[in-house]
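The next block holds one structure in the form of structure tokens; read it before the comments.
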Number of protein chains: 2
Amino acid sequence: MSRMRKPAEERQAEIIETALQLLTHTPVEKLSTALVAKEVGITQAAIFRHFPTKDALWQAVLEDIERRAVNLWNDAVAKGTSPLERLAELIAAQLGLIAAYPAIPTLIFNAGQISAEDTLRPIHRRIMSGLRHRLLVEIREAAQTGQIPPAPSTEDCADLFLGLVQGTVLRWKLSDRSFDLIREGRRIATIQIGLLRGHKAGDDK
Amino acid sequence: MSRMRKPAEERQAEIIETALQLLTHTPVEKLSTALVAKEVGITQAAIFRHFPTKDALWQAVLEDIERRAVNLWNDAVAKGTSPLERLAELIAAQLGLIAAYPAIPTLIFNAGQISAEDTLRPIHRRIMSGLRHRLLVEIREAAQTGQIPPAPSTEDCADLFLGLVQGTVLRWKLSDRSFDLIREGRRIATIQIGLLRGHKAGDDK
DNA sequence: TCAATATGTTAGTGATTACTCACTTACTTA
DNA sequence: TAAGTAAGTGAGTAATCACTAACATATTGA
């Protein structure tokens, strides 16, 4: 048996990816270092060669999610040609990420819950406020170019769309992922955008 | 020291309440029977006099949440005089429950994650679909009485409002509960209701 | 009043946890 | 090619976990 030994960087990425994959079907509290090690194909002790503590592993996992999210957001913004299109693409991108790694919303909703509050919470906040900011940028541009009325503030609109993402994901999880998350997200986002645009005839009391 | 001994029913309620309270600041994975017992003021072994397994305790906690939620929904529906008022009251009621027990959304979002999937998931689903149904009833009545146009389907509207709740809670948690959850929920719900009503002049392409 | 019962404690169980340490072997480079 | 280092192993550790058994005492009802 050739004991393939991998460079640290590669092995660390492998451990992180494996942890994320395992979290799809394993509850957070059951994700032990032993389980991750077994799945990777190394001994449990080897995990600690690459991460000083388990919390450090959690931190790396969260930072990995952040990296993936930011990349997808950039792609989404580049894809859309109008602000409202980009808005829809951003939502679809986020849902795509969650569809690929269903553990993400759980990790995010648990926020500081996974013991390492102080290191993990800021990452959570960065991810969520990062997405919110991207949405906000597009909504502002749509408002400035008159594609949507200035009726609800752009901030409130961003929050409504963030909620739309959250709500769709929750329904998806409770339904045992029985529908296409991205498709449903696009559909309901379109409806919400329609509501915004339909608000044109202002009853600005 | 008079070792006050309480009837089982009362003690069970005390254990459940304590667990819920502890979950406000304790991650799910760290909520041990020992911690709950210490907080209640009994020994760890005494917990198992009242709950055969820890999973049974989780189940009781979830069922308690369900009971509280249903009661609050009933009150909310009785309070509002118009369907859209009742809609807002329902949302405020749910947010009030979450403000009192911030662990609830985490428990719900974790869904099957807390090991006892088979017993816990149905309860989660009942709570969420219960709220959705209540919202749906009010939205339907509002649509039938012409207070909102039939533009988006009532089902989609219910999902949008559910998302609104989820999103507001998430922002609240990530902001370290720095704003008044109920007030903010009412505010943004009012905005969304406004969007719905403003959709009257149908641009049914 | 006194025995039955319900509610509790004390002191354990084995399993699992994150983590350590001494040692080994694969890979790299001088 | 020899030596240094990076990556991994095997065998532990103490702590904590849910849970149990034997025993104790408060409460209650006949």
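Proteins come first, then strands; the chains are lettered A, B, ... in the order of their sequence lines, and each starts at number 1.
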* Residue-level proximity of residues 6-20 of chain B to DNA chain D when a heavy atom falls under 4.0 Å ->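 When residues 6-20 of chain B is checked for heavy atoms under 4.0 Å from DNA chain D, there are no hits whatsoever.
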* Residues in salt bridge (Lys or Arg N to Asp or Glu O under 4.0 Å) contact with A:E141, at least two apart in sequence or another chain ->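 For A:E141 the salt bridge (Lys or Arg N to Asp or Glu O under 4.0 Å) partners, ignoring immediate neighbours, are A:R86.
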* **Under the side chain to side chain contact (heavy atoms under 4.5 Å, CB included) test, residues paired with A:A8 that sit two or more places apart** =>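 With neighbours one apart ignored, the set is A:Q12, A:H50.
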Does some side-chain heavy atom of [Y] sit less than 4.5 Å from a side-chain heavy atom of [X]?
| X | Y | result |
| --- | --- | --- |
| B:F51 | B:V61 | no |
| B:F161 | B:I193 | yes |
| A:Q94 | A:L72 | no |
| A:I188 | A:E184 | yes |

Can you pull every protein N or O that's under 3.5 Å from an N or O on nucleotides 15-18 of chain D?
from	atom 1	to	atom 2	distance (Å)
D:dC17	OP1	B:S32	OG	3.4
D:dA18	OP1	B:K54	NZ	2.5
D:dA18	OP2	B:T33	N	3.2
D:dA18	OP2	B:T33	OG1	3.1
D:dA18	N7	B:Q44	NE2	3.2

In this structure, how many angstroms lie between the [atom2] atom of [N] and the [atom1] atom of [X], rounded?
| X | N | atom1 | atom2 | result |
| --- | --- | --- | --- | --- |
| B:R5 | C:dT5 | CZ | P | 16 Å |
| A:I42 | D:dT9 | CD1 | P | 7 Å |
| B:R49 | D:dA24 | CZ | P | 14 Å |
| B:F51 | C:dT7 | CZ | P | 12 Å |

* Asked: Which nucleotide in the list D:dT20, D:dG10, D:dG8 gets nearest to the side chain of A:A46?
  ->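 Selected nucleotide (nearest to the side chain): D:dG8.
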* Report the end-to-end axis angle of the helix from C:dA15-D:dT16 to C:dA30-D:dT1; each axis comes from five terminal pairs, and the value is rounded to 10°. =>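 For the helix from C:dA15-D:dT16 to C:dA30-D:dT1, the axes at opposite ends meet at about 10°.
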State plainly whether the residues [X] and [Y] are in salt-bridge range, i.e. N to O under 4.0 Å.
| X | Y | result |
| --- | --- | --- |
| B:D180 | B:R187 | no |
| A:R186 | A:E89 | yes |
| A:R132 | A:E155 | yes |

* Asked: Does any N or O in the side chain of B:H124 come within less than 3.5 Å of the main-chain N or O of B:L62, such that one atom is a donor and the other an acceptor?
  ->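 No, because the side chain of B:H124 does not come within donor-acceptor range (under 3.5 Å) of the backbone of B:L62.
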* **salt bridge (charged side-chain N to carboxylate O under 4.0 Å, His left out) partners of residues 38-48 of chain B, not counting sequence neighbours, each pair once** =>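 Passing the test, one end in residues 38-48 of chain B: no pairs.
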* Phosphate-side-chain proximity, B:H50 and C:dA6, N/O vs OP1/OP2 below 4.0 Å ->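 False: B:H50 side-chain N/O out of range (4.0 Å or more) of C:dA6 OP1/OP2.
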